Each structure stands twice: as C-alpha cells, then as structure tokens.
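As structure tokens, the structure follows; a few thoughts come after it.
Since the model is a prediction, treat every value here as computed from it, not as a measurement. When reading the values below, keep in mind they use all heavy atoms of this one structure, side chains included, and skip hydrogens, waters and symmetry mates. Numbered from 1 within each chain, the chains take letters A, B, ... in sequence-line order.
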Amino acid sequence: MSYPAEALDLLLDPAVWGGADGLGARTLEHLGYSLLAVGLSAAIALPLGFAVGHFGRGRNVVVASSGVVRALPTLGLLTLVALFTGLGLLAPMVALVVLAVPSVLAGAYAGIESVDPRTVDAARAQGMSRWQVLTTVQIPLGLPLIVGGIRLATLQVVGTAILAAYVGAGGLGAPLFLGLRTYDYPLLLAASAVVILLALVLDLAFEIAQRLLRRLPGLR
Amino acid sequence: MKPPPENRRTARRLRARMRLVPGLAAVGALALISSACGADSDPFESGGGETGTVVIGSQQYYSNTLIAEVYAQVLEDAGLTVQRDFEIGQREVYAAELENGNIDVFPEYAGSLLQYFDPESQARTAEEIRDGLEQALPEGLAALRESEATDQNAMVVTAEFAQEHGLTSIGDLADLDDLVVGSTPEFETRPYGPEGLREVYGVEVQLQTIDDSGGPLTVKALEDGDIDVAANIFTASPAIAAEDLVVLEDPESLVPPENVVPIVSEALDADARAALEEVSAALTQEELLELNTRSVDEQAAPEVIAGEWVEEQGLVG
C-alpha cells in the first residue's frame, strides 16, 4: 500500500484519534496554541498598527523593524528563548507571536491608511474626536485589510506551531516529528494532513467572516 | 569563508558516480569476452592498490566526519590517494553507495549498522554485534577491528542527581518514583525505550520529548530538573565533561553498543587495513571525547584537529 493510502487509513482509524496522545488531543492543543499566539500578537500589534496608521508617524520604523523580525528563523528563535525559559509552552509561544506580529501589524496600519483621507477629513469636520474617527470610521472601513492581516498570521502560525513539539510542548508536531524520526511516513503524512486541514478550515472561517463583514451596512 | 560546500560536494559525488561508468563498461566487455578468457578482474577494484583512489565517506555528523578525516590522513600517510566524500546525510542515504562500491571506507557505529543490515538481529553485547556484523554485511564490505570508543544513546544524569540518589548504573533508577526521561520522540518506540527500561531494569519512566538531539536544550532541562534522566545525550558528547554529567552504566546492554568501526571495501589492501586498525586501537573513549570536545570548543576545521591528533598518537610519519 502506498504511504498516502496508509496515512488515510490511519486518519480513518478512531483509535488513532482517542487518548491523551491521540490525534484528537494533539489537534486541540495545536488549535489552542495557534489561537493563543494569534490572540497575543493581535493584542500587541493591533493597537500599535492603529496608532501608526492613524497618526501616520513611525511608519518607517515599524516597517523596518517588522521586516527584520520577519527574517528571524523561528526554530532558531525558539531554541534561543528555550535556553532561558526551559521546556514548556513559553518559548514556542514567544517564537509564534514574533512570527505573527509583523503580518497583523502590516494589516492594521495598511487598513487604517487605506481609508480615503477625505472621509477622515469629513468625519473630523463633523466634530468627531480622534478616538471617534479611529473607532467609528477608520477601523470599520479598514476592516477587510485588518482582518486580512490576522488571517495571514493565523495561517503562518498554524503551520509553524508544529515547532512546539521541539521543546516537548505537544501539538501536532509531536506525531509529525515522531513519524519523521522513526521513518513512519504514514504517521508523518497523517499529521501533516491534519495541519493542512486545520489551516484550510481556519482560512475558510476567515473567508466567511470577511464576506459577512462586507454585508454589514456601511462597510462597503 | 569556505566556498559553498554544496558545490564541492556535488562535484565530488558526480565524480564518484562517474567512476562507475568505466566499471559498467568493463562489466559489459567482460560479459562479451568472458568465454574467451578467465575473467578474474574486478571492475569495482578502485579502492586499495597503489594506483587507485580510496573514497572515504562520512555521515552528516561532525564527530563522524572528524573520524573520517583521521582515516583519510592515516591512509594518505600510507601512500594512498584519498578522495573525501564527507557529510553524506544519514545511513539511509549512503548505505547504497557503500554497497555498490562507490565508497571504500566509512567510519560506522556497530550496533545501529547491524540493525540496519539485519533488523531481526538479537545481538546485545559488543562481541555478539561483531559476529552479527560479519554475517550481515553485504558482499564486498568488511568490518575491521572496532575501537573501544562508543558513540551511542545513554542514560545520563547530572553528577548532583547521581550523588543524591547514589546512582552508578541504570538499575539504580528502579528505586526512584516519578522519573522523567527526556529524549527525542522516537525513544518511545525504541527497544531501549520506556518498555525496555521496565523489562530489563524494572525502571518506570515517563517521557518528556525534546527534539534537539541531546543539544543545549536537553542539558538545560537536566539542570533545571525538568527531566531527571536524558536518554538522548550520546556517550561521545562533549557536554558530558563540560556540564558535569554522569553516564549511567548499562551492564545488561539495554542500549546496543555503538563502537566506532571502520567499514571498508573488500578490495582495500592489507597495509591500509592495518593503518585503520591502528586508528581503532588508539581511539579510546577518552580520545574520542577529546576530539569531539576540541571540535565543539575550538570550532577548528576537522583537518586541523585530526592532523594534530594523528601526530600526537604517532599514527603518521
């Protein structure tokens, strides 16, 4: 039997999914880590990106520094952080947040900047405060790009979260690395397939969310 | 900066392949004329002999390359022309090249090499493995005298932990509860994994996976107490001396011994074999650790470290 067929067999076997080490538990871990990492990077990068987009200042600094951060190899960063923090979730989380921040940040400031300056001027002329302009005009109008940044970050993080297993924190990397090390290619393929599927499902969810957003009144 | 090794390596490998072409032509020619004359020349006889070039390979592992470089310098000293075909991935990649005669000399590790050629082998001790290897090695390959030095998975603890619990051998771990062993994920499936530990030594462990192959993360986890025992630090790792770690003895040979052994082509001549066996005799565990430590600490090129070592040991000149 070919590896893909064996991998499919593995995926259809309920026993593989059950248990504390099963694919089911690993998938939930993986999803949890990914969402946590994206959530944390959104908490860091969205306010920063909004500020940069709104005030139009510091853009060069942000673009340059997020470019540098993007160039960091995630595995190297993970190992480096783990040398200080030891085993566990902290090191992979730092590495994943660093991976996700540039995309979220770019989406955030680009979203704000994409709003027609005349619209912003009109809002100001109506007597809106800066805060009102940002929250009721710029963010809603820039939402497609802002969500797009988060969507991109999510995809990157879901794919890279396998590295959590490198320091023993689990996730889908655990079966994937096990398959890789023991030449158990069906297991490797099955774990990779679940990662891919997870990425596709999340991407689809974002696609639907973005479409729904576009239907909201005033968001065209 | 060195020139990109990929290019040199590809070029070398291409050359290694090319050597096969005249060989194949010779096979064809021999097939045609074999009825006419007694065909006793070996088309693959390029290793050994004063005129041929000996191709030496090594794994993509710094310590293995260092040993291969030692072999190379010793053979050069014996008057042979040596071609270095180093850093060829792992066994799955280079075994075929060895079997078909493209590589003449390779520093190998006895236990896992036997497992590779004879997965059913039950050999446990160094002697059983040597006998097994003689049986299992494919036609055209021979295992020379192995060195005393091993490079293998071992159960490693900190000196402090060993002292606190009076540990010298793996069996001593049986008295401890809630032992956490750190290793790569495949440890779970290995014969010397948790199941083997339970069956052979009555030691109950829980696995904490760390995927850096006994690197700094594993050492840190040991020191932090995240894990009690590391099962993926190798016996020839410089970390053992540098971090004051203790290798627990394995009287039952739970982990098959991985003595460093030169695997050579049958065609390699007697002088060259003798030279390699002298290296095996000189390469004790301490010497291998010393070589590896120098490689890691000084980051010197293998040629330099190997060159100084063969001088020191009187293996050349």
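Neither the backbone nor the side chain of A:Ala91 has a heavy atom closer than 4.5 Å to any heavy atom of chain B.
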Determine which donor-acceptor pairs between chain A and chain B fall under 3.5 Å and list them with their distances.
| from | atom 1 | to | atom 2 | distance (Å) |
| --- | --- | --- | --- | --- |
| A:Leu87 | N | B:Asp226 | OD2 | 3.4 |
| A:Tyr166 | O | B:Asp211 | N | 2.8 |
| A:Gly168 | N | B:Thr209 | O | 3.1 |
| A:Gly168 | O | B:Gln208 | NE2 | 3.2 |
| A:Arg181 | NH2 | B:Asp211 | O | 3.4 |
| A:Arg181 | NH2 | B:Asp211 | OD1 | 2.5 |
| A:Tyr183 | OH | B:Glu92 | OE1 | 3.1 |

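The interface of residues 44-67 of chain A with chain B, defined by heavy-atom distances below 4.5 Å, is empty.
At least one side-chain heavy atom of B:Leu217 sits less than 4.5 Å from a side-chain heavy atom of A:Leu83.
Of all the heavy atoms in B:Pro185 and A:Leu178, the pair that sits closest is O-CD1, 3.3 Å.
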